[in-house]
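Remarks on the structure that follows.
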Amino acid sequence: MFKFLLSFSLSLCALANTDIVNFHVSEASNYATPFAKNWPIMNDTSWECINMVTPAPLGTPMEEVCTPSDNAAPHPACPHEIWLALDLTRSWVKYSTFTLRISSSASTPTDFSIQIFDPKSLSTHFGLPVPSTTLQESHSPPLVPKTSRLRYARIRLVDVGVPTPPPASHPAPTEPTPPAQVVFIVALEPIYLGFLPPSVVPVLGYIACACLLAWIIVPKIIGCIEGIAVEARKELHANVKQD
């Protein structure tokens, strides 16, 4: 049974790759980021999304992928990354730790880089001037909050596939083949107790129920088997004495 579970777990790992980053959230100073208003938003009702991004060519160092000069605000246009807005308010306001998880097919080997920004660090990343006062302290409308739980995720991709050499009858291409788009799933979840995502809770509940049932049933089964074994030994001894 253990061998089966181990083989099944390894087969799941072979079918998909997973990248995870956990991050802590607290109220941060709220700065205007109007250039991010068209980015996809993830929140408590839309916590999972599917994306398609072209990874950077094989061998590209991750730190050279989509440098700030490639992303002139307010319209980041680098094809090797995607930006997501993370709305951690409403029912998620009671959580302080979150996990952002990326799942992709093992048939498209790709390296992922995940970075989390607050409004101030996002403005700094794009080289925008950060005002000395927050929105509430400036001349913004009174309804604009002074602090924010809004965060932004930057996901970059680099191709790590092994290139296949061309057959001898075909000359090698003069230009490397650009990598195809990679489909991946991004999931955002709060973390219970600092380490437990909600999606894992049903699995742990199932395991706990299975262990409880095993604790109740297994001793009875063992008792029945021992009783049968005792009766079999008695019969065997009786047959030996008769012989």
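Computed from a prediction, not measured in an experiment: that's the story for all the values here.
Phe112 and Phe184 have perpendicular rings, their planes meeting at more than 60° on a 0 to 90° scale where under 30° would count as parallel.
Hydrophobic cluster membership differs between Ile114 and Ile185, with clusters built from Ile, Leu, Val, Met, Phe, Trp and Tyr side chains linked at under 4.5 angstrom.
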**Study point:** Pair Arg149-Val93, side chain to side chain contact (heavy atoms under 4.5 Å, CB included): steps then yes or no
**Key:** CA-CA 8 Å; Arg149 282 174 57 90; Val93 73; 3.8 Å; yes
Review point. What do the steps show when you test Val183 against Met52 for side chain to side chain contact (heavy atoms under 4.5 Å, CB included), and what is the final call?
Key: CA-CA 5 Å; Val183 179; Met52 294 181 61; 3.6 Å; yes
Point to revise | Test side chain to side chain contact (heavy atoms under 4.5 Å, CB included) applied to Gln115 and His125, step by step | key: CA-CA 11 Å; Gln115 294 175 280; His125 172 77; 5.6 Å; no
Review point. What do the steps show when you test Tyr95 against Leu88 for side chain to side chain contact (heavy atoms under 4.5 Å, CB included), and what is the final call?
Key: CA-CA 8 Å; Tyr95 299 103; Leu88 309 178; over 6 Å; no
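Atom CD1 of Ile50 has 12 or fewer heavy atoms from other residues, nucleotides or ligands within 6.0 Å.
Note that the SG atom of Cys66 and the CG atom of Leu157 stand 9.0 Å from one another [nearest 0.5 Å]. Between the CG atom of Asn43 and the OG atom of Ser91 there is a distance of 8.5 Å, given to the nearest 0.5 Å.
Inspection of the Ser121 and Asp118 side chains reveals an N or O donor paired with an N or O acceptor under 3.5 Å. Remark: the Thr108 side chain and the Thr110 side chain contain no N/O donor-acceptor pair separated by less than 3.5 Å.
Side chain of Arg151 to backbone of Leu86: no donor-acceptor contact under 3.5 angstrom is found. Listed for the His24 side chain is no donor-acceptor partner under 3.5 Å among the backbone atoms of Thr97.
For the salt bridge (charged side-chain N to carboxylate O under 4.0 Å, His left out) condition, the pairs that include at least one residue of residues 87-99, sequence neighbours left out, are Asp44-Arg90.
Checking Val186, Leu188, Asn22, Ile20 one by one against Arg101, the side-chain contact (heavy atoms from CB on, under 4.5 Å) holds for a single residue, Ile20.
Hydrophobic cluster membership of Val218, counting Ile, Leu, Val, Met, Phe, Trp and Tyr whose side-chain heavy atoms lie under 4.5 Å apart directly or via other members: Ile222.
The distance between the ring centers of Phe35 and Trp83 does not fall below 6.0 angstrom.
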